[in-house]
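All values below come from the heavy atoms of this structure, side chains included, with hydrogens, waters and symmetry mates left out.
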Amino acid sequence: CMVLVLVGLVVGGALARPVSSYAKNRRQIRHAIAAHAPVIALPYAGHVFFHIPMWTPYVQRSELPYVVIASNHARFKTMSTSLDDPILAPAKNTTWGQSFPASVKVALYVHNAGRNDRFLARSGVLHVFVGHGESDKPGSASVSIDRYDVILSAGQANIDRFAAAGVDIEAKKFQIIGRPQSVDFSTASQPISTVSSPVVLYAPTWPHKEVDKNLSSVFLGESIVKALLERGHTVMFRRHPAGRFNDEGEAAIERIDALIACDAAATGRSHLWGDQAMEMPLAAIFNASDAMITDVSGIAADYLATLKPLAMVAAQPTELDPVDTASVTEQFRARHALGRAAYVIEPDLESLDTTLTQMLGADPLETARTEQHRYYLGGLTGTESVAAFVHFLQRSAG
């Protein structure tokens, strides 16, 4: 019997947005699934499902039918009002593994949720971890990622990250495809030193509720943005969509927004912040900026695809070795290879002005960014990355 709840009826031969319940449309839903015959599934057991649209545009380019599978009905209800994708949810009293239509050959996991085990129990499907960002965060080298059949990696950095963390994964599991998401990013058209008034994007990661795991600079953000404004720069501030449970972090974001709004009113500069910044596509924000300041986060590797100047904030002092005589910047770069292509802003901010002058002036790390682009993103352009991803899907599921 059918064990699925499907969002949508057949409309013009395609699966549409949600219209009614499984109980009322059992036969029509069954026929819709059979007609759609998805060969790719994106199971999701996380909470912040903005991860899904990071990948579905490139799944669509494969021209293979796909479906998103929610972990439960509450998640299904929320996701179905926010996504345009065909969505399924397990029927009551069935296992998550049973929620895969029989036609599915490949499952793409955009989030390494612990509960993915329930989806992974389904045999006869190639389980592929794609993740939602190329990041040096500790979770990016979790031993639990070894449970997938294939791990798609942007570049060699991801593979080396596991080895550095002592996680032994067979080399044959990894496939390097670059970052398809960079296909719409424009690269630097001229040296930053020749840009008369560089636009700087500040995009901190989300503040983790556990202090020792918090890599966000948002609590330093007011000082960082103030320094940029005092130098006469136009600022784009894009908060991370996650982390809204952190009241102190939200308060810091509100102060940054207020600071930028005040300067915009006083100077007339076209700053970008708040909801407008969140609604703007990431590619559009990247393309409108000349340089970026961020943290240890996947957005740093994505920006590397633009080859524009990048700064990272060493916001977590607890990861520094007090016995080590190396500077904060040296220790940071030793732990995070991407930092070798980034200007490091130390947490005391004493060298902030000097660092900004380097990044937005002579830019001595221009060559280093090209080298790290090869290491983190496989040296592939966005177009090449999309082609590699599509080829993988067509080969695996076509």
Side-chain angles (χ1 to χ4, degrees), residues 1-8 10 14-15 22 26-46 49 51-52 54-56 58-73 75-76 79 83 85-132 142-153 169-177 180 388-398:
C1 67
M2 179 56 59
V3 296
L4 303 173
V5 175
L6 172 65
V7 169
V10 178
L15 298 181
Y22 169 73
R26 181 173 180 175
R27 181 177 300 174
Q28 202 163 9
I29 289 170
R30 184 168 60 244
H31 289 166
I33 294 171
H36 186 54
V39 295
I40 298 171
L42 287 87
Y44 195 76
F49 50 86
H51 299 137
I52 294 170
M54 290 182 180
W55 284 99
T56 48
Y58 312 104
V59 173
Q60 290 168 6
R61 296 195 189 198
S62 72
E63 299 185 348
L64 296 170
Y66 73 96
V67 67
V68 175
I69 303 179
S71 58
N72 56 48
H73 288 255
R75 186 73 58 237
F76 166 84
M79 291 166 64
L83 302 175
D85 309 284
I87 305 174
L88 307 179
K92 295 179 180 178
N93 302 317
T94 64
T95 66
W96 292 8
Q98 289 177 291
S99 63
F100 288 94
S103 55
V104 170
K105 297 180 181 179
V106 176
L108 303 176
Y109 295 83
V110 299
H111 183 272
N112 186 33
R115 293 176 297 171
N116 282 353
D117 277 339
R118 303 180 193 179
F119 287 123
L120 292 165
R122 170 65 180 267
S123 61
V125 171
L126 183 70
H127 299 280
V128 182
F129 182 70
V130 296
H132 52 269
S142 170
V143 67
S144 63
I145 296 177
D146 191 25
R147 57 189 169 155
Y148 303 95
D149 300 318
V150 177
I151 302 168
L152 294 188
S153 300
I169 297 179
E170 291 181 287
K172 65 180 181 181
K173 278 195 174 187
F174 294 100
Q175 292 194 36
I176 292 177
I177 63 163
F389 180 60
V390 168
H391 177 68
F392 170 80
L393 292 181
Q394 292 175 339
R395 185 179 71 249
S396 302

dist Ile87:CD1 -> Ile52:CD1 (nearest 0.5 Å) comes out at 7.0 Å

Taking every heavy atom of His111 against every heavy atom of Phe129, the minimum-distance pair comes out as C-CE1, 4.1 Å

Task: 4.5 Å side-chain heavy-atom contact, Pro180 and Trp55 - done: yes

In this structure, CD1 of Ile169 is separated from CD1 of Ile151 (nearest 0.5 Å) by 4.0 Å

Minimal heavy-atom distance between Ala45 and Phe119, with the atoms involved, is CB-CE1, 4.3 Å

So CD1 of Ile69 and CZ of Phe100: to nearest 0.5 Å the spacing works out to 4.5 Å

Distance-only, no hydrogens or angles: does the Asn112 side chain make a donor-acceptor pair with backbone N or O of Gly131 under 3.5 Å? no

task = Spell out, as yes or no, whether a donor-acceptor pair under 3.5 Å connects the side chain of His36 to the backbone of Pro38.
result = no

Between Val125 and Val106 the two heavy atoms that sit nearest each other are CG1-C, 4.0 Å

In short, side-chain hydrogen bond (donor to acceptor under 3.5 Å, both in side chains) pairs touching residues 118-131 with sequence neighbours left out are Tyr109-His127

TODO: State whether the side chain of His132 and the backbone N or O of Val110 hold a donor-acceptor pair below 3.5 Å, judged by distance alone.
DONE: yes

- Item | Side-chain donor or acceptor of Arg75 paired with backbone N/O of Asn72 under 3.5 Å | no

dist Phe174:CZ -> Leu152:CG (nearest 0.5 Å) comes out at 11.0 Å

Shortest non-hydrogen pair, Ala397 vs Leu64, comes out as CB-CD1, 4.3 Å

The reported gap from CG in Asp149 to CG in Leu120 (rounded to nearest 0.5 angstrom) is 8.0 Å

* Would you find a donor on one side and an acceptor on the other, under 3.5 Å apart, between the side chain of Lys173 and the backbone of Tyr148? -> yes

Residues Val59 and Leu108: closest non-hydrogen pair is CG2-CD1, 3.8 Å

So CZ of Arg61 and CG of Leu393: to nearest 0.5 Å the spacing works out to 12.5 Å

- Query: Can you tell if the side chain of Val128 reaches within under 4.5 Å of the side chain of Gln175, non-hydrogen atoms only?
  - Reply: no

For Ser103, the side chain to side chain donor-acceptor pair (under 3.5 Å) test, sequence neighbours excluded, returns none

